[in-house]
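Notes follow once the structure below has been shown.
Each ligand, and each atom within it, is numbered from 1 in the order the structure gives.
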Amino acid sequence: MKLRLYDTYTRSLREFEPLRSDYVGMYACGPTVYDYAHIGNLRTYLFEDFLRRTLEFNGYTVKHVVNITDVGHLTSDADTGEDKMEKGARKAGKTAWEIAEMYTQAFKEDIRRLNIKEPTIWCKATDHIKEQIEFIQCIERKGFTYRTSDGIYFDTSKLKNYGYLARLDIDGLQAGARVDVGEKKSPTDFALWKFSPKDQKRQMEWESPWGIGFPGWHIECSAMSVRYLGEYFDIHCGGEDHINVHHTNEIAQTEACYGTRLANFWLHGHFLQLDAEKMSKSAGEFLRLQSLIDRGYDPLAYRFFCMSAHYRAKLNFTWESLDSAAYSLDRLRNLVYEWGEPGTVHQDWVERFRDEVNDDLNLPRAVALTWELTKSDLSPADKKATILIFDQVLGLSLGDWEPKEEVIPPQVLELVEKRQQARQQRNWPEADALRAKVGELGYEIEDTPQGPKVKRKKG
Ligand code: AMP
Ligand code: ZN
């Protein structure tokens, strides 16, 4: 089956065809680095990793761009409230630049621990202020901006299709608008450039043609995606919360300047819920990947847990379901380990697997097929070779896993010890006979410069 993906823009499943022959351009909105990522955020990055791996599984080269939002994301989507970075810095007693660096590193460590492939390009908002200013100038030249006392705003009434991605009811929004739109002409208008407050120096601020200030949140993604992927590229993705405001505004900016809707496909991962509540960083308490590790979980158990639901379904986090994912993963790893050396890949199984992931990334069914393979009548070696191909998408490092602490039975250890003594006495026939006895018990000895290592024979 050819790859089909659900495109939020058209609200339909569409067959994926790349726009260019040399690579698939994919832009994923990255973290706002004012705090650690919570496991909900990480569900979205896992979904994007499954997407990338599925594209690669289909033979495409993916240029995967992820931005780091280190300025301009206000605590309210309505362009009011404080900059999340400056607030986070105050809370941590550090500078905004310091916390940006600290939480960026923590984020990179989290995705490494989850086997999420490193993006081809990381780009920081603060490294692209010039591009953002130029983009705003382009929008200004096209006549889509106006000025208020606190910034330069995008006039959404001027864009014919504004809000199409979210199917926004603009008239309804206008009618229901409460008074606090401030100087904005419409509740959907949004800031492109905000001025620094007159009475206060911000930690992060820049000169611009309009005055000292900082970019609005949405402009960074339009400016950096055009820089790294061009005016119209294959796939843009993020969490479902981005549909109404952030992605809608990214599209508005790019449409105003370049006349394209930015990306051919728009994909959105649904939320992880904790006790049926939306997990949100700004709500204070949240679970990090480290919180799971502190409780003794392998980070890949969380990856496996996320495969239990389709990315377009909500997923409820409970410790019981994480336990069951950890248990299943352990069982799978042990099976694969016991199968020994890989044999021949069974292409019919690989095609069945492709059908599942190509059906809009149906990971729950791909995992079910994986269990079916374990119970099939293929030889252990062929199961192993085939499952390692599945693992290119699953990303569980099944081929590298080894039981951590193997308990070697005392009688085996005793034989190994006797063999060492025989070797020291240069009694080679005796040493060989003892090695053979160890082999009969299902163990093998590897002689290393640090001494003999015993492990269970594979297969
Ligand atoms: P942020 O760092 O807040 O900009 O969010 C980073 C990413 O996580 C975005 O793509 C959000 O859509 C996504 N996200 C936020 N909360 C959740 C959640 N509870 N479940 C899944 N994804 C989320
Ligand atoms: Zn974005």
Side-chain angles (χ1 to χ4, degrees), residues 8 26-51 65-77 83-85 87-88 99-100 103-104 106-108 110-111 114 116 119 122-125 128 132 135 165-166 190 215-229 233 235-254 262-263 266-283 285-289 302 305-306 309-317:
T8 310
M26 166 171 156
Y27 187 95
C29 291
T32 310
V33 285
Y34 66 104
D35 205 335
Y36 294 106
H38 58 59
I39 58 173
N41 301 130
L42 294 172
R43 180 186 185 203
T44 292
Y45 298 106
L46 280 165
F47 138 64
E48 288 154 354
D49 186 58
F50 294 131
L51 172 60
V65 180
V66 177
N67 65 301
I68 300 283
T69 300
D70 54 357
V71 68
H73 193 168
L74 303 186
T75 46
S76 145
D77 272 350
D83 185 323
K84 289 187 178 185
M85 293 301 300
K87 186 175 171 192
I99 64 158
Y103 293 126
T104 301
F107 176 71
K108 290 185 176 175
D110 280 350
I111 68 162
L114 287 169
I116 292 175
W122 290 108
C123 43
K124 285 202 291 196
H128 297 78
Q132 296 180 70
F135 208 110
L165 175 77
F190 57 91
W217 172 35
H218 319 296
I219 196 69
E220 67 177 86
C221 290
S222 285
M224 295 193 282
S225 62
V226 75
R227 153 124 194 229
Y228 294 105
L229 297 169
F233 56 89
I235 303 177
H236 196 309
C237 39
E240 58 173 334
D241 58 325
H242 284 346
I243 299 171
N244 282 353
V245 178
H246 183 52
H247 287 170
T248 288
N249 292 346
E250 283 186 34
I251 292 177
Q253 294 165 151
T254 304
L262 197 65
W266 285 86
L267 267 67
H268 294 97
H270 283 226
F271 265 24
L272 178 84
Q273 299 179 124
L274 188 69
D275 297 327
E277 280 285 305
K278 182 181 113 171
M279 272 202 108
S280 103
K281 265 197 269 193
S282 36
E285 276 303 297
F286 59 80
L287 282 178
R288 297 165 49 193
L289 187 62
Y302 182 65
F305 162 75
C306 286
H310 190 267
Y311 77 90
R312 282 194 294 119
K314 300 239 184 291
L315 176 59
N316 247 336
F317 179 84

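- With sequence neighbours left out, the salt bridge (charged side-chain N to carboxylate O under 4.0 Å, His left out) criterion links K108 to no other residue.
- Ligand 1 has an N or O atom lying under 3.5 Å from an N or O atom of G40, backbone or side chain.
- Looking only at atom types and distance, the side chain of H236 has a donor-acceptor partner in the side chain of E250 under 3.5 Å away.
- Here's the thing with D241: one of its N/O atoms is less than 3.5 angstrom from an N/O atom of ligand 1.
- At a heavy-atom distance under 4.0 Å, no atom of Q273 approaches ligand 1.
- When L274, L315, T44, T32 are ranked by how near their heavy atoms come to atom 1 (P) of ligand 1, first place goes to T32.
- Under the 30°/60° scheme for interplanar angles, the aromatic rings of H218 and F190 are found to stand perpendicular.
- Atoms of ligand 1 lying under 4.0 Å from any heavy atom of P31, numbered from 1 in the order shown and given with element: 2 (O).
- Inclusion of G239 in the set of residues having an N or O under 3.5 Å from an N or O of ligand 1 is warranted.
- For D110, the salt bridge (charged side-chain N to carboxylate O under 4.0 Å, His left out) partners two or more places apart in sequence, or in a different chain, are R113.
- Listed by chain and number, the residues in a ring-ring contact (aromatic ring centres under 6.0 Å, His included) with H270 amount to none (sequence neighbours excluded).
- Screening F107, Y302, F50, Y311 for a ring pair (Phe, Tyr, Trp, His ring centres under 6.0 Å) involving Y45 leaves a single residue, F107.
- Put simply, the side chain of N67 reaches to within 4.5 Å of the side chain of Y27, judged on heavy atoms.
- Taking distance alone, with nitrogen or oxygen atoms compared against 3.5 Å, L272 approaches ligand 1 more closely than that limit.
- The number of protein N, O or S atoms lying under 2.8 Å from the Zn ion (ligand 2) is 4.
- Of the N or O atoms in R43, none lie within a sub-3.5 Å distance of an N or O in ligand 1.
- Of the options F271, Y45, F107, the smallest heavy-atom separation from atom 7 (C) of ligand 1 is shown by Y45.
- Test H247, H268, H73 against H242 for ring pair (Phe, Tyr, Trp, His ring centres under 6.0 Å) and you get one pass: H247.
- Taking the six-membered ring for Trp and the full ring otherwise, F317 and F305 have centroids separated by under 6.0 Å.
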Determine whether D70 and Y34 satisfy the following criterion, side-chain contact (heavy atoms from CB on, under 4.5 Å), listing intermediate values before the conclusion.
CA-CA 8 Å; D70 54 357; Y34 66 104; over 6 Å; no
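- For the pair H270 and ligand 1, the shortest N or O to N or O distance does not fall below 3.5 Å.
- Residue contacts with ligand 1: H268 is excluded, as none of its non-hydrogen atoms falls under 4.0 Å.
- Screening N249, I243, T248 for a side chain to side chain contact (heavy atoms under 4.5 Å, CB included) with V245, the sole residue that qualifies is N249.
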